[in-house]
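Both backbone and side-chain heavy atoms feed into the values below; hydrogens, waters and symmetry mates do not. Fair warning: this is a prediction, and the values are worked out from it, not measured in the lab. Below, chain A is the first sequence line, B the second, and so on; all start at residue 1.
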Amino acid sequence: AQSVSQHNHHVILSEAASLELGCNYSYGGTVNLFWYVQYPGQHLQLLLKYFSGDPLVKGIKGFEAEFIKSKFSFNLRKPSVQWSDTAEYFCAVNARDGGSQGNLIFGKGTKLSVKP
Amino acid sequence: NAGVMQNPRHLVRRRGQEARLRCSPMKGHSHVYWYRQLPEEGLKFMVYLQKENIIDESGMPKERFSAEFPKEGPSILRIQQVVRGDSAAYFCASSPFSSYNSPLHFGNGTRLTVT
């Protein structure tokens with residue numbers, strides 16, 4: 001069965017520290033990859049997505065992610081975090097030939113706390 | 001420019017009662033998806049609907065759960081005879097197109113508590 005694993009349950013950083021959140025998926029076919037963010041009290045918002053092409057994807061608010069097909073990974077990075085990045089981050093995969101569009105498989109999420 | 005609207009935000013039901021969760025997609029979106037998030041778990045896909053059609057219900061429990069998206073009005077997720085294990089956050093999402101390249105827009109969720 002397809003699955004997505006996020007390595008860290010809770011990450012605590014100081015402002016200006018660099019961030020990398022791990023995401024690995026298990027599926028051998030063609031995938032679309034997503035990172036969603038949920039700020040406290042708000043709905044899930046799309047941070048960035050990968051469909052094809054350049055494996056280094058730029059998203060909103062200075063986030064980027066790199067798709068490494070050989071490692072089945074899609075790690076999220078930001079060079080310098082801010083207090084306002086405190087949120088929960090979810091990695092998700094859509095198996096293009098294994099499920100309908102909209103059938104996303106989510107990781108359990110990583111809570112990021114940034115200390116001012 | 002309203003986003004995906006879900007109501008109620010919080011719903012409390014006793015065991016055996018029915019729960020009805022509503023979702024109005026973003027304007028112009030005709031594709032709706034329901035997800036469930038159990039405590040300490042990621043979101044799990046339940047069902048994908050277009051107007052008046054169920055496209056993919058592979059994630060729906062076989063009993064007590066049903067979903068509809070009528071021609072007029074919001075999408076409804078209905079849970080009959082709720083049990084404690086149904087306590088979760090239920091999220092609705094919508095998209096304008098039927099395409100793998102069409103990202104989902106999520107609502108704020110409905111938190112169901114079964115007592």
Side-chain angles (χ1 to χ4, degrees), chain A residues 1-10 21 23-27 29-53 57 59-60 65 87-111, chain B residues 1-7 9-10 23-26 29-50 53-60 67 69 75 88-111:
Chain A
Q2 301 146 22
S3 65
V4 174
S5 67
Q6 292 184 239
H7 308 151
N8 309 98
H9 181 63
H10 193 184
L21 301 182
C23 172
N24 285 89
Y25 65 94
S26 63
Y27 184 70
T30 305
V31 293
N32 287 348
L33 298 155
F34 307 84
W35 275 98
Y36 281 87
V37 59
Q38 188 173 27
Y39 297 103
Q42 295 189 28
H43 59 274
L44 276 165
Q45 300 171 44
L46 182 66
L47 205 52
L48 49 79
K49 61 187 186 291
Y50 172 80
F51 292 154
S52 63
V57 180
I60 60 171
E88 190 158 16
Y89 293 81
F90 293 91
C91 180
V93 169
N94 185 200
R96 295 180 66 117
D97 48 358
S100 64
Q101 61 92 215
N103 186 340
L104 299 183
I105 300 159
F106 280 85
K108 290 187 179 182
T110 298
K111 286 186 174 72
Chain B
N1 183 20
V4 177
M5 303 299 291
Q6 289 188 250
N7 67 80
R9 287 294 301 273
H10 300 275
C23 170
S24 296
M26 282 183 73
H29 289 195
S30 59
H31 302 263
V32 164
Y33 316 84
W34 285 94
Y35 282 78
R36 176 166 66 173
Q37 185 179 28
L38 294 168
E40 302 300 319
E41 295 287 326
L43 280 76
K44 299 271 194 260
F45 169 80
M46 298 180 77
V47 62
Y48 161 29
L49 309 108
Q50 275 180 272
N53 287 307
I54 295 175
I55 307 301
D56 179 357
E57 56 181 349
S58 58
M60 284 282 267
F69 188 18
S75 175
Y90 292 82
F91 291 92
C92 172
S94 71
S95 68
F97 308 116
S98 172
S99 164
Y100 284 96
N101 293 352
S102 184
L104 307 187
H105 298 261
F106 282 85
N108 282 336
T110 293
R111 271 157 181 78

Q: Tell me, for Leu104(B) versus chain A, whether the close heavy atoms (under 4.5 Å) come from the side chain, the backbone, both or neither.
A: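 Both parts, backbone and side chain.
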
Q: Can you tell which part of Gln6(B) gets under 4.5 Å to a heavy atom of chain A, answering side chain, backbone, both or neither?
A: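 Gln6(B) has no heavy atom closer than 4.5 Å to chain A.
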
**Q.** Distance, nearest 0.5 Å, that separates OH of Tyr36(A) from CG of Leu43(B)
**A.**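 Nearest 0.5 Å value for the OH-CG distance: 10.0 Å.
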
**Q.** Straight-line distance of Leu44(A) CG to His105(B) NE2, nearest 0.5 Å
**A.** 12.5 Å

Q.
Minimum heavy-atom separation for Gly107(B) and His43(A), please, with both atom names.
A.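 Answer, listing the atom of Gly107(B) first, then His43(A): O-CB, 3.2 Å.
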
Q: Of all the heavy-atom pairs spanning Lys49(A) and Pro103(B), show the shortest one and how long it is.
A: CD-CG, 3.6 Å

Q. Does any heavy atom of chain B fall under 4.5 Å from the side chain of Gln6(A), the backbone, both, or neither of them?
A.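 Contact with chain B is absent: no heavy atom of Gln6(A) under 4.5 Å.
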
Q) Taking every heavy-atom pair that is under 4.5 Å apart, which of Asn32(A), Leu104(A), Leu46(A) has the most such pairs with chain B? A)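 Of the candidates given, the most pairs with chain B belong to Leu104(A).
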
